[in-house]
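The basis for the numbers below is simple: all heavy atoms, side chains too, and nothing from hydrogens, waters or symmetry mates. Every chain is numbered from 1, with letters handed out A, B, ... down the list of sequences.
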2 protein chains.
Amino acid sequence: MSAPKILDLGSLKQACKSCSLHDLCLPLGVGDEELQMLERIINRRRPLQRKDHLYRPGDRLHSIYAVRSGTVKTYTLTDDGQEQITGFHLPGELLGLDAISDGVHPCAARALETTSICEIPFDRLEELSVRIPGLQHQLFRIMSREIQTDEQFMMLLGKKASDARLAAFLLSLSTRLGMRGFSRTEFNLTMSRNDIANYLGLAVETVSRLFTRFQNAGLIEVHRKLITIYNLDGLQVVAGAQPVEEPRCCKGQCEGDQPEGN
Amino acid sequence: MSAPKILDLGSLKQACKSCSLHDLCLPLGVGDEELQMLERIINRRRPLQRKDHLYRPGDRLHSIYAVRSGTVKTYTLTDDGQEQITGFHLPGELLGLDAISDGVHPCAARALETTSICEIPFDRLEELSVRIPGLQHQLFRIMSREIQTDEQFMMLLGKKASDARLAAFLLSLSTRLGMRGFSRTEFNLTMSRNDIANYLGLAVETVSRLFTRFQNAGLIEVHRKLITIYNLDGLQVVAGAQPVEEPRCCKGQCEGDQPEGN
DNA sequence: CGCCGCGTTGATGATCCTCAACCGTTGTGG
DNA sequence: CCACAACGGTTGAGGATCATCAACGCGGCG
């Protein structure tokens with residue numbers, strides 16, 4: 001790679017403590033001096049540009065990664081070469097945990113926008129977590145959390161209708177962004193409609209229609225990539241609903257029955 | 001519980017080494033004397049009867065569990081009280097890893113048949129894995145594996161049609177049973193059709209129809225709970241197929257167009 | 001300026017869910 | 001021992017949701 005000296009080393013050594021993902025990344029539950037040990041094994045990488053790969057399926061696991069800023073999507077390729085997105089990763093979230101079992105990345109990871117990343121060599125992380133029980137515990141917790149959210153997502157795909165999926169997706173973004181200080185009600189969709197549809201197991205057209213339906217129902221407003229949420233509770237209702245149950249917010253309301261039309 | 005002395009303590013102390021799940025459970029990658037340390041913290045529980053709960057959502061995490069024999073299903077309750085099955089756990093597989101992050105079980109676990117279980121107190125397991133790096137590594141691997149299979153399952157629910165889901169489900173059972181010495185081609189479905197449908201995000205009727213379709217196509221034979229797989233490769237093809245693509249094995253073949261009828 | 005990618009909208013159709021009836025098995029009580 | 005009910009599973013008919021195909025609008029970029 002032999003990157004030109006784009007980053008000055010001073011900023012590279014900036015402490016994890018001051019990192020915006022301070023409370024979501026690993027350090028939680030780790031003491032001060034231990035935090036320093038952790039910092040010493042963490043490398044800052046040159047920022048990824050949009051569409052750059054962080055790793056590809058089949059790459060050997062060297063490190064796990066934490067998103068500092070930007071967005072990364074992870075995806076697998078199906079038997080016939082189609083892409084299936086397995087997750088979008090926002091600042092403060094870890095990537096690559098699924099590679100530990102085989103020592104090889106089963107997914108690809110790709111930046112959706114300019115993205116900066118912390119790299120944590122896994123072998124050194126393992127050594128360290130033997131010496132710092134709090135760190136080990138934290139790693140268990142993080143992996144457990146991922147299993148848990150995956151299970152929730154299985155429920156989404158298995159039981160919920162299209163509108164509930166999209167609503168839940170927006171709420172998930174809202175919550176995760178809100179947790180680290182961004183606005184919960186106004187943010188950019190860094191991924192394409194195609195990516196959203198792929199992730200939620202829907203067709204692009206369906207996602208598009210749902211956005212307009214949500215907008216007509218007054219739940220949100222969409223301007224290209226910019227989402228403004230007007231009614232978080234309303235979205236919750238849509239997200240919670242089971243398929244074909246009680247009438248959903250935007251079933252009777254915006255199915256096209258409104259006299260005032262478009 | 002003060003269980004009556006149904007089990008003699010001798011058999012309780014039977015070593016993990018001789019356990020049928022020897023290579024799938026924790027011990028892999030752990031030395032002999034370390035295996036003994038592990039055995040000392042593991043408790044054998046009285047067998048669960050069908051429909052007994054191992055834990056319920058909201059229960060505090062005391063232990064994680066390994067299935068020794070039998071089957072356990074884990075499920076969550078949706079907002080409106082419906083059950084969503086998150087997994088079926090066969091001998092040699094671990095349960096409860098999703099509870100580590102919050103210290104509380106987000107799922108319920110329930111026996112589908114008479115089932116014997118090993119109980120591993122989690123706090124002691126954590127202590128031990130600080131002292132036995134190989135154990136820590138193994139735990140990371142097991143959790144990583146679960147994340148990985150969850151991701152695969154997301155793809156199943158998001159991208160695959162009903163027949164591919166069921167085929168993949170049967171293949172998963174076949175592989176997992178085969179890995180520990182059971183027949184890959186003939187086994188009992190310990191779960192009800194309802195459970196299968198729930199798990200795969202389908203209606204019971206659909207599952208039922210698919211079984212007969214698979215059977216008419218000569219892929220399998222079904223007699224109530226007993227499944228016999230005649231054509232593993234054929235199932236692979238069905239499982240790999242994307243929805244609405246090239247004609248699937250049992251689309252033209254058994255859609256009812258066969259002159260010879262049933 | 002024109003092309004291209006992305007997103008939106010409309011029409012059509014297939015998959016799969018729902019509702020309903022039926023059948024075989026299991027278990028219970030007379 | 002049989003009758004009956006309860007349950008799980010199967011099969012059929014109809015319909016809703018959502019995918020597909022197609023066309024169009026819009027913004028960005030060469």
Side-chain angles (χ1 to χ4, degrees), chain A residues 50-51 82 112-113 156-167 188-198 200-216 220-227 238 241-248 250-252 254-256 261-262, chain B residues 50-51 82 112-113 156-167 188-198 200-216 220-227 238 241-248 250-252 254-256 261-262:
Chain A
R50 183 173 141 80
K51 299 206 173 177
Q82 285 195 342
L112 290 175
E113 58 184 328
L156 197 74
L157 292 181
K159 287 258 176 310
K160 307 275 181 160
S162 57
D163 53 356
R165 295 189 200 180
L166 187 62
N188 265 300
L189 295 174
T190 54
M191 64 295 290
S192 69
R193 300 287 194 272
N194 224 315
D195 284 342
I196 297 173
N198 184 308
L200 296 178
L202 300 172
V204 198
E205 296 92 330
T206 305
V207 171
S208 189
R209 282 184 248 270
L210 287 171
F211 271 131
T212 54
R213 242 168 64 184
F214 286 1
Q215 180 160 310
N216 290 344
I220 64 173
E221 196 173 323
V222 198
H223 280 120
R224 302 189 50 67
K225 301 250 168 206
L226 181 67
I227 290 281
V238 179
Q242 243 57 12
V244 193
E245 211 185 351
E246 29 211 300
R248 231 169 342 267
C250 20
K251 272 301 172 44
C254 43
E255 201 76 57
N262 54 339
Chain B
R50 182 172 141 81
K51 300 204 174 178
Q82 286 196 341
L112 290 175
E113 57 185 329
L156 198 75
L157 293 181
K159 287 257 177 309
K160 307 274 182 162
S162 57
D163 53 355
R165 295 189 200 180
L166 186 63
N188 265 301
L189 295 173
T190 54
M191 64 294 292
S192 68
R193 301 288 193 269
N194 225 313
D195 283 343
I196 297 173
N198 184 311
L200 296 177
L202 300 171
V204 198
E205 295 93 331
T206 305
V207 171
S208 188
R209 283 184 247 271
L210 287 171
F211 271 131
T212 54
R213 242 168 63 184
F214 286 0
Q215 180 159 310
N216 289 345
I220 63 174
E221 197 173 323
V222 199
H223 280 121
R224 302 192 48 66
K225 301 249 168 209
L226 181 66
I227 291 281
V238 179
Q242 244 55 14
V244 192
E245 211 185 352
E246 30 210 299
R248 231 172 337 272
C250 20
K251 272 302 172 43
C254 43
E255 201 77 56
N262 54 340

#### Entry: Side-chain heavy atoms of Ser192(A) within contact of Lys225(A), under 4.5 Å
yes
### Summary
By side chain to side chain contact (heavy atoms under 4.5 Å, CB included), Thr190(A) pairs with (sequence neighbours left out) Thr71(A), Leu112(A), Glu113(A)
### Task
Compare the minimum distances between each of dT20(D), dT18(C), dG9(D) and the side chain of Ala203(A), then state the nucleotide with the smallest one.
dT20(D)
### Query
In whole angstrom, what separates Asn198(A)'s CG from dT20(D)'s P?
12 Å
### Task
Return no unless some side-chain N or O of Ser208(B) is found under 4.0 Å from OP1 or OP2 of dG9(D).
no
### Task
Give the rounded distance in Å between these two atoms: CE of Met191(A) and P of dG7(C).
11 Å
### Task
Report the distance from atom CD1 of Ile227(B) to atom CG of Asn188(B), rounding to the nearest 0.5 Å.
9.0 Å
### Message
Taking only side-chain N and O atoms of Thr212(A), does any of them lie within less than 4.0 angstrom of OP1 or OP2 on dT8(C)?
### Response
no
#### Entry: Distance, rounded to the nearest Å, where Asp195(A) contributes CG and dG5(C) contributes P
16 Å
### Task
Would you mind reading off the distance between Leu157(A) atom CG and dC18(D) atom C1', rounded to a whole angstrom?
15 Å
#### Entry: Lys160(B) NZ to dA19(D) P, straight-line distance once rounded to whole Å
16 Å
### Query
Short question: side chain of Gln215(A), backbone of Val222(A) - any donor-acceptor pair under 3.5 Å?
yes
### Summary
When Gly201(A) and Arg224(A) are each assigned the nearest nucleotide of DNA chain D, the 5'-most assignment goes to Gly201(A)
### Query
Phosphate oxygens OP1/OP2 of dC17(C): is one of them under 4.0 Å from a side-chain N or O of Thr206(B)?
yes
### Task
On DNA chain D, check which nucleotide each of Ser192(B) and Val204(A) is closest to and give me the residue with the more 5' one.
Ser192(B)
### Query
For dG8(D), does OP1 or OP2 lie under 4.0 Å from any side-chain N or O of Lys225(B)?
no
#### Entry: Atom pair distance, as rounded to whole Å: CZ in Arg209(B) and C1' in dC16(C)
9 Å
### Message
When you measure from the side-chain N and O atoms of Ser162(A) to the phosphate of dT17(D), is any distance below 4.0 Å, counting only OP1 and OP2?
### Response
no
#### Entry: Nearest-0.5 Å distance, CG of residue Leu156(A) to CZ of residue Arg165(A)
6.5 Å
### Task
Please state how far atom CZ in Arg50(A) lies from atom C1' in dG5(C), giving the value in whole angstrom units.
10 Å
### Message
Is the phosphate of dT8(C) approached by Arg193(A) (side-chain N or O, under 4.0 Å from OP1 or OP2)?
### Response
yes
### Separation of dC18(D) C1' from Glu205(A) CD (nearest whole Å)
10 Å
